[in-house]
Amino acid sequence: MTKTIRSMAVLAATVCLAGSMGFAQAGEAVYKANCQSCHGSTGTPSAGIAKMMDVKPASEYKSSEKEQIDAVAKGKNKMKAMSPKLTDAQIKDAVDYFRTLK
Ligand code: HEC
């Protein structure tokens with residue numbers, strides 16, 4: 001009985017870990033393929049791109065997650081609309097990843 005409970009706890013922990021890793025990796029992959037060219041791999045664009053495209057480092061965008069998802073989906077100034085090229089889920093994952101960058 002105790003053994004069953006213990007293995008169930010281990011299983012639950014493993015599933016949690018795999019779930020959160022999957023989420024982070026999905027966002028990172030979408031970001032690297034679709035966003036990095038303008039926003040840089042660390043969320044800070046190179047000086048040349050920053051000047052040319054008018055992009056700021058990730059931490060300087062104070063907008064909410066929803067506003068950012070909207071901006072990415074519909075496009076904003078020099079950022080082209082990512083929808084429908086990317087699904088809503090991909091846009092959300094990429095924005096969530098972007099928001100973890102400083
Ligand atoms: C062609 C270059 C380019 C690409 C590719 C690009 N962006 Fe942007 N992004 C910009 C520019 C330029 C801005 C600044 C827009 C403004 O405020 O004038 C911006 C702004 C943003 C903002 C802040 C919006 C706000 O004002 O709240 C977020 C979040 C963002 N980008 C995320 C992403 C994500 C996620 C991707 C990939 C799915 C992506 N961007 C791809 C150029 C790009």
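Starting from 1, each residue takes its place in the sequence as its number.
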A81 backbone acceptor or donor facing K76 side chain under 3.5 Å: no

Path from Y61 to I49 over hydrophobic side-chain contacts below 4.5 Å: yes

Within residues 56-75 or reaching into it, pairs that qualify as salt bridge (Lys or Arg N to Asp or Glu O under 4.0 Å) - sequence neighbours excluded: E65-K92, D70-K74

Distance (rounded to the nearest 0.5 Å) between I91 CD1 and I69 CD1: 8.5 Å

Steps toward side chain to side chain contact (heavy atoms under 4.5 Å, CB included) verdict (D93, F98): CA-CA 9 Å; D93 284 352; F98 182 73; over 6 Å; no

Residues S63, Q68; criterion side chain to side chain donor-acceptor pair (under 3.5 Å); working and verdict: CA-CA 6 Å; S63 33; Q68 296 191 346; 3.2 Å; yes

Pairs where residues 81-91 contributes a residue and the test salt bridge (Lys or Arg N to Asp or Glu O under 4.0 Å) is met, not counting sequence neighbours: none

Single-linkage hydrophobic cluster M79~V95, side-chain heavy atoms < 4.5 angstrom: yes

Minimum heavy-atom distance between C38 and P45, given as atom pair plus value: O-CB, 3.3 Å

Pairs involving residues 30-54, ordered by first then second residue, that meet salt bridge (Lys or Arg N to Asp or Glu O under 4.0 Å) (sequence neighbours left out): E28-K32

Taking every non-hydrogen atom, the tightest pair across A58 and L101: CB-O, 3.6 Å

Parallel, tilted or perpendicular: rings of Y31 and H39 (30°, 60°): tilted

